[in-house]
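Encoded as structure tokens, the structure appears first; notes follow it.
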Amino acid sequence: MTEFAAAAPAHAPVVEETSTGLNTRKVLMWTFLGSECMFFGSLIGTYLVYRGRYLPGQLIPKDVFEIPYTSVSAFALLMSSLAMVLALAAIQRGDIKRLKIWLLVTAALGLIFLGGQVYEFTSFGAQGLNPNVSTFGTSFFVLTGFHGAHVSMGVIWLLSLFMLAARGQLNQARSLDVEIAGLYWHFVDIVWIIIFTVVYLIPV
Amino acid sequence: MSAQAMVHPGEKPHPQSREYVILAIILSAVTGIEVAAWYWEAIRALMIGGVVIDLLPPVLIVLSAFKFALVVMFYMHLKFDHRLFSGFFLFGLGAAGFIIVVFIALFHFLRAPFPVT
Amino acid sequence: MRMRRGLWLLLGLFVVLALAGCAREISGVVQFAADAPDAPQTTVFPLSDTGRRVQTLYELIFWMALVVFVGVEGALLYILVRFRRPAGGVASQTHGNTRLEIAWTVIPAVILLIIAVPTIETIFSEDAPSASASENQIRVEVTGHQWWWEFRYPELGADVVTANEFHLPVGRTAFITMTSADVIHSFWIPKMTGKMDAIPTRVNHIWFTAQQTGEYYGQCVQFCGTEHADMRLRLFVDTPQDFDAWVRRQSQGAQAPVTSTVGLAAVGARVFQSGACPGCHTIRGTPAQGKVGPDLTHVGSRTTIASGVLTNNLENLTRWVTDAQAVKPEAKMPTLGCEANTGTGPPTTCITRSDVDAVVAYLRTLQ
Amino acid sequence: MATIAAPVAQRGLLARPTEPTGLWSWLTTVDAKRIGILYGTSAFIFFLIGGLEALMMRSQLAVPNNTLVAPGTFNALFTMHGTTMIFLVVMPMGAAFFNYIVPLQLGARDVAFPRLNAFSYWVFLAGAVLMHLAFVVQTVPDMGWFAYANLTERAFSPNNAVDFWIIGLQVLGVASLAAGFNFLVTIINLRAPGMSLMRLPLFCWTTMITSILMVLAFPVITVALIQLMFDRLFGTNFFNTAANADPILWQHLFWVFAHPEVYILILPAMGIVSEVLPVFSGKPLFGYPFMVYAVASIAFLSFTVWAHHMFVTGLGPVATSFFAASTMLIAVPTGIKIFNWLSTAYGGALRLNTAALMAFGFVGMFTIGGLSGIMHASPPVDTQQHDTYFIVAHFHYVLFGGSMFGLMAGIYYWFPKVTGRLLDEAIGKVHFWLMFIGFNVTFGPMHFLGIDGMPRRIYTYPTGMGWDLWNLVATIGAFTIALSVLAFMVNAFKSLRSGEIAGPDPWDGRTLEWSVSSPPPHYNFAEIPVAAGRDAFWLQKYPTSGGHGTAVAAAHGDGSGHNAEHGEHVHVHLPDPSYWPLAAGGAIFLAGLGVLFYLPLIPVGLFLVIVSVVAWSLEPVNG
Ligand code: HEA
Ligand code: HEA
Ligand code: CUA
Ligand SMILES: [Cu+2]
């Protein structure tokens with residue numbers, strides 16, 4: 001009568017030899033994502049505390065944000081999530097060729113997003129907004145910067161998976177490796193969904 | 001034992017590539033609506049029942065929560081996976097959400113505006 | 001066996017001793033002594049309206065807690081004595097009892113409700129004075145500095161500025177706002193009412209109506225750096241007449257001693273103005289308009305200096321002006337006297353012994 | 001029978017270490033029991049350091065206008081005392097028991113991620129050493145354990161004392177997060193067959209809930225510390241009031257973390273008491289399911305009460321009322337636990353040896369601390385108590401009277417399991433009574449000091465305030481505690497050399513750790529046990545006594561995929577030792593040094609972290 005005898009893991013071909021039947025690394029990843037919610041929650045909370053708290057003469061969001069531009073990179077990240085699930089579906093079918101393609105597409109979309117962020121940061125900097133000028137600058141750059149760092153980690157992770165796949169070391173039985181990376185990647189994407197709305201779209 | 005036999009009867013079938021693409025189209029569409037709403041000046045001052053209301057923030061929040069939920073439920077398979085995973089994630093998400101809401105209340109609504117020094 | 005019993009006795013003795021030790025506190029909670037007991041910062045003999053409301057609430061919670069305390073500790077002691085293993089005794093294998101569980105969920109919840117309702121009432125009543133109390137209120141603006149207090153009375157004119165000691169009329173509601181010039185401090189006069197933080201970029205407030213004249217001690221209670229312990233303050237609750245007289249004196253500029261008959265003080269005034277002092281201190285009616293340290297216009301009329309660290313007398317003033325750092329290490333006032341025993345030699349531009357004497361003589365004339 | 005796979009010597013760059021004994025075997029160990037011992041000894045050493053700091057503070061405060069300790073030094077003392085006791089004593093002491101006891105109670109051979117576990121310890125040590133380097137260069141953190149902004153900004157704390165605290169805590173946070181994940185996953189996934197969640201020993205429950213709290217609370221302090229560090233290193237404006245930042249933000253972030261943190265400190269002790277009391281009462285734990293629900297609801301509530309530390313910051317009446325109510329609510333589940341412990345002992349056959357006395361001491365003393373907590377929970381009352389010695393009394397009653405007494409109970413209870421030898425009961429009693437009396441003599445009078453208006457964190461006080469007597473008494477009490485600690489040290493040393501041999505089950509225990517030899521073999525269990533119900537070992541010993549669950553149900557496994565029938569020919573695979581957790585810890589230490597002394601070291605350290613992690617993931621999985 002265990003509570004957690006219920007479901008087998010989503011995609012693992014064999015049931016794990018654990019009390020819940022769930023893969024240990026996957027449990028770890030989900031607890032990690034719960035923890036990450038608190039990490040980004042604190043950063044977003046900080047941004048919101050300082051939202052609207054601007055001194056006369058300071059640059060405010062309206063002055064610097066370019067919504068069309070950011071929409072495009074937000075879109076790129078969103079689509080990378082699609083590529084990610086397609087990569088997972090591919091490896092679960094045993095289709096290593098498609099796996100490699102979709103992993104590369106995911107990483108590429110991630111890189112496009114990062115490129116957009118680099119451009120945005122430089123352009124804001126040129127207009128005089130940086131982490132040292134105001135609470136807006138500080139909380140904005142640190143929030144989006146840490147998100148960017150997460151995306152970079154994800155890109156590195158995806159590329160390592162690609163290398164493994166290229167060397168023939170990823171196969172259907174190891175689809176969990178891709179699934180776990182995917183969980184991380186989608187999480188980074190949904191954080192951006194929130195940041196995009198809360199930081200960029202909702203006007204002050 | 002074969003993999004087949006181990007699949008729990010209660011488990012629902014997972015979406016296939018086609019569904020993933022459809023989902024992506026929905027997500028793109030919602031993003032489109034968000035940006036469009038941002039451009040639509042009128043939404044920021046709608047007359048409803050004689051009061052002027054800025055509907056943009058609530059609309060944006062609902063839409064992005066919708067996107068968030070779609071990605072989590074389908075791309076991350078939370079809808080099909082073990083309850084335990086939802087438990088972990090939702091507890092973290094809930095706590096973070098609570099803290100954000102309380103911060104907004106504390107710093108923007110529950111006290112007088114800041115005296116600027 | 002005997003030793004065990006001895007230890008239990010010791011425990012009992014200890015409990016009795018502890019109770020005896022806090023008898024004053026316990027009795028203090030129940031009755032308001034007409035004459036305040038000896039601890040000048042006691043929290044349980046408040047002499048203002050808000051303070052007494054807090055005290056009433058505290059008493060309620062205290063008694064509730066005492067009941068729970070006696071219940072739990074009594075049960076614990078009883079169990080320890082009663083169920084010590086009688087040689088080879090066997091325990092009954094009970095696993096639980098849902099009815100009991102419900103009971104000890106509900107009973108504490110009820111006790112908490114009894115506490116919570118008046119608590120929330122008091123929170124709201126403490127937040128803003130009632131209409132009647134606010135009618136005749138007097139406002140005081142407090143600013144915390146590392147490590148001294150500045151007081152202003154906006155309604156009494158820009159000239160009533162003082163430091164570390166302030167006055168209030170008895171029976172009039174004081175509405176006190178506080179903020180800080182540097183880090184977070186906390187303003188507290190226990191016999192009046194609870195504390196409130198003085199926070200940079202924010203303005204907080206408390207209010208109370210002092211009910212008895214006298215001198216009340218307080219101090220900074222939020223850690224604010226090295227000298228946090230020496231950031232004390234004093235409140236004088238005066239009769240209305242005394243208070244008005246005090247305000248009148250404070251509103252005046254400094255008695256110009258430049259032409260004073262007191263020769264030494266006149267020299268001192270010159271030394272003061274030509275030295276480092278004006279960079280930090282204001283003496284109204286003179287060129288000295290520094291804002292770093294306390295306003296010294298009426299420093300002679302204060303009972304203490306350096307936020308309650310020293311009694312204000314000739315000897316201490318001399319010590320302070322000669323070597324502030326020795327009295328209050330790391331205070332924001334440098335050591336200035338040539339006589340100072342700093343170990344690294346006197347400061348480069350120092351004040352000689354005789355000049356210090358003159359300055360002190362001058363400061364003492366600033367009544 | 002089980003055969004144990006001997007570590008196979010490997011060649012090549014990434015060969016795993018094989019020494020079974022000696023220094024390297026400790027440095028490269030991934031055995032949770034050894035890691036537990038490392039945690040425990042480190043924590044005890046830091047307890048002596050933190051205690052020494054306390055004794056210096058008490059000596060300074062013994063009499064008014066004392067000049068024994070300079071003001072700045074005193075501030076450094078209480079900062080390091082508080083930080084040390086919380087992060088370097090109580091937390092790692094808990095971690096010691098998690099490591100040693102939880103796998104045994106679960107019927108597991110190790111934790112879910114043995115190398116991550118070793119990593120946690122080395123990172124913990126790195127953080128602790130980084131923070132204590134401050135003593136070497138003599139810029140000791142001196143802003144209090146909650147480091148309120150904006151006093152911590154460069155403008156007000158120009159030297160890098162604060163940086164030692166920031167970086168030390170940041171690194172300790174990494175260790176706690178890693179440990180939290182590890183134990184959460186371990187308890188979820190590595191339970192023996194039959195050990196459903198409602199059959200878990202209560203100590204495993206509190207460990208699991210503690211882990212959840214760590215996993216969710218530490219990210220918040222991580223963010224706060226990053227913000228403070230960026231302010232200090234790069235001139236950002238999170239808490240810079242000159243740029244109109246609000247220093248209150250730090251307080252919210254800090255207490256969002258630190259209130260759950262205080263439950264992280266108390267829950268392991270509560271778990272221990274819930275193990276010790278049943279054993280020495282000869283009864284099962286009373287109201288087990290309610291205990292579980294109480295622990296779980298404490299975890300929930302602990303994220304909703306943080307602002308009770310900020311009642312005098314001007315939150316406004318609405319928020320103040322909310323936080324007052326949520327805080328008071330926590331008394332309900334905590335009360336349930338107290339009453340269940342009392343009921344466990346009620347009707348029992350009490351064996352009052354030292355472990356039991358410590359546990360009963362916990363119940364009595366924690367209640368006092370909890371009740372003063374309820375007083376602060378009423379905001380108007382707290383305006384008179386906040387930042388006075390009344391608060392100091394409260395938190396020492398819950399931290400010392402609670403956590404330390406609980407942990408001491410655990411030490412007396414499990415020492416024989418860990419060392420194979422019993423601690424001496426006579427010295428143990430002396431230890432207990434000295435500590436119990438000393439504790440009350442130290443911290444009891446602090447209530448009166450607080451009531452009489454003595455603020456905390458003051459390096460001295462004038463005469464005539466009515467504080468002289470009780471301060472002196474408290475100081476005498478502190479030295480009494482020191483005596484008791486000495487008694488304990490004598491006891492431990494004596495028993496290690498010549499203590500009475502304990503045997504596997506000296507207390508007639510109820511849980512699985514007592515089913516194996518003392519100390520347990522490297523692999524814990526030759527055969528993975530099957531839990532027939534709550535108090536699994538008790539049911540093995542006394543099958544007729546009836547527990548929850550029946551042997552029949554257990555024999556069929558719990559249908560969770562764990563296959564009990566396979567237990568016949570076990571070939572025990574134990575993870576090999578590894579260099580890389582230590583290497584990664586060292587690399588983090590290097591990066592920390594970079595923040596403190598020489599910024600270019602940061603990328604070097606981080607690069608080495610990556611190298612270690614890559615090597616870690618590439619090294620041969622043991623064969
Ligand atoms: C082990 C750690 C620990 C624990 C368990 C607790 C438990 C509690 N604490 Fe404590 N607390 C600290 C550690 C801890 N605290 C520390 C370190 C600080 C100071 C930080 C600093 O400033 O440096 C602090 C400060 C602190 C404050 C801030 C005070 C101030 O600075 O002004 C408050 C205010 O509400 C508070 C409240 C409580 C409450 C209500 C509980 C409750 O959980 C207690 C519940 C228990 C009981 C109530 C007893 C048992 C219950 C019964 C027998 C049932 C019946 C009871 C009733 C009906 C009342 N604590
Ligand atoms: C678990 C936590 C814990 C523990 C166990 C203790 C234990 C003790 N604390 Fe603790 N204390 C805190 C947590 C803890 N404290 C915290 C969080 C603060 C707040 C800090 C802040 O304000 O920032 C605080 C603050 C604090 C203050 C207030 C300081 C101030 O505000 O000015 C005082 C004052 O008396 C004090 C005293 C003591 C004493 C006497 C002990 C004793 O019980 C200690 C007993 C231990 C020993 C005496 C060690 C034995 C040593 C030997 C026998 C010597 C042998 C040595 C060698 C061989 C090298 N503590
Ligand atoms: Cu000002 Cu403490
Ligand atoms: Cu708290």
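In what follows, chains carry the letters A, B, and so on, assigned in the order in which the sequence lines appear, proteins first and then strands, with residues in each chain numbered from 1.
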Legend entry - Pair R232(D) + E153(D), salt bridge at N-O below 4.0 Å: no

Inset, instruction - Counting only heavy atoms closer than 4.5 Å, note whether T236(D) contacts chain A via side chain, backbone, both or neither. - result: both

Inset, instruction - Check each atom of L106(D) against the heavy atoms of chain A and say whether the ones under 4.5 Å are side chain, backbone, both or neither. - result: neither

Legend entry - More than 12 heavy atoms from other groups under 6.0 Å of CZ on F65(A): yes

Inset, instruction - Give a yes or no answer on whether the side chain of N189(D) reaches the backbone of L22(A) with a donor-acceptor pair at less than 3.5 Å. - result: yes

Inset, instruction - Please list, in residue-number order, every residue in residues 113-137 of chain A that has a heavy atom less than 4.5 Å from any heavy atom of chain D; write 'none' if there are none. - result: P131(A), N132(A), V133(A), S134(A), T135(A)

Legend entry - Which portion of I212(D) sits near chain A, non-hydrogen atoms under 4.5 angstrom: neither

Inset, instruction - Count the heavy atoms of every other residue, nucleotide or ligand shown that sit under 6.0 Å from CZ of R98(A), and state whether that count exceeds 12. - result: no

Legend entry - Neighbour count above 12 (heavy atom, 6.0 Å) for Y69(A) OH: yes

Inset, instruction - May I ask you to list the residues in residues 138-158 of chain A that approach chain D closer than 4.5 angstrom, counting heavy atoms only, ordered by number? - result: T138(A), S139(A), V142(A), F146(A)

Inset, instruction - Compare every heavy atom of P260(D) with every heavy atom of W255(D), then report the nearest pair and how far apart it is. - result: O-CD, 3.9 Å

Inset, instruction - Let me know if F257(D) has heavy atoms under 4.5 Å from chain A in its side chain, its backbone, both or neither. - result: neither

Inset, instruction - Sort L184(D) into side chain, backbone, both or neither according to what part of it lies under 4.5 angstrom from a heavy atom of chain A. - result: side chain

Inset, instruction - Heavy atoms only, distances under 4.5 angstrom: which of V256(D), N182(D), V185(D) has the most pairs with chain A? Name it, please. - result: V185(D)

Legend entry - chain A contact via F230(D) - which portion, at a heavy-atom distance below 4.5 Å: side chain

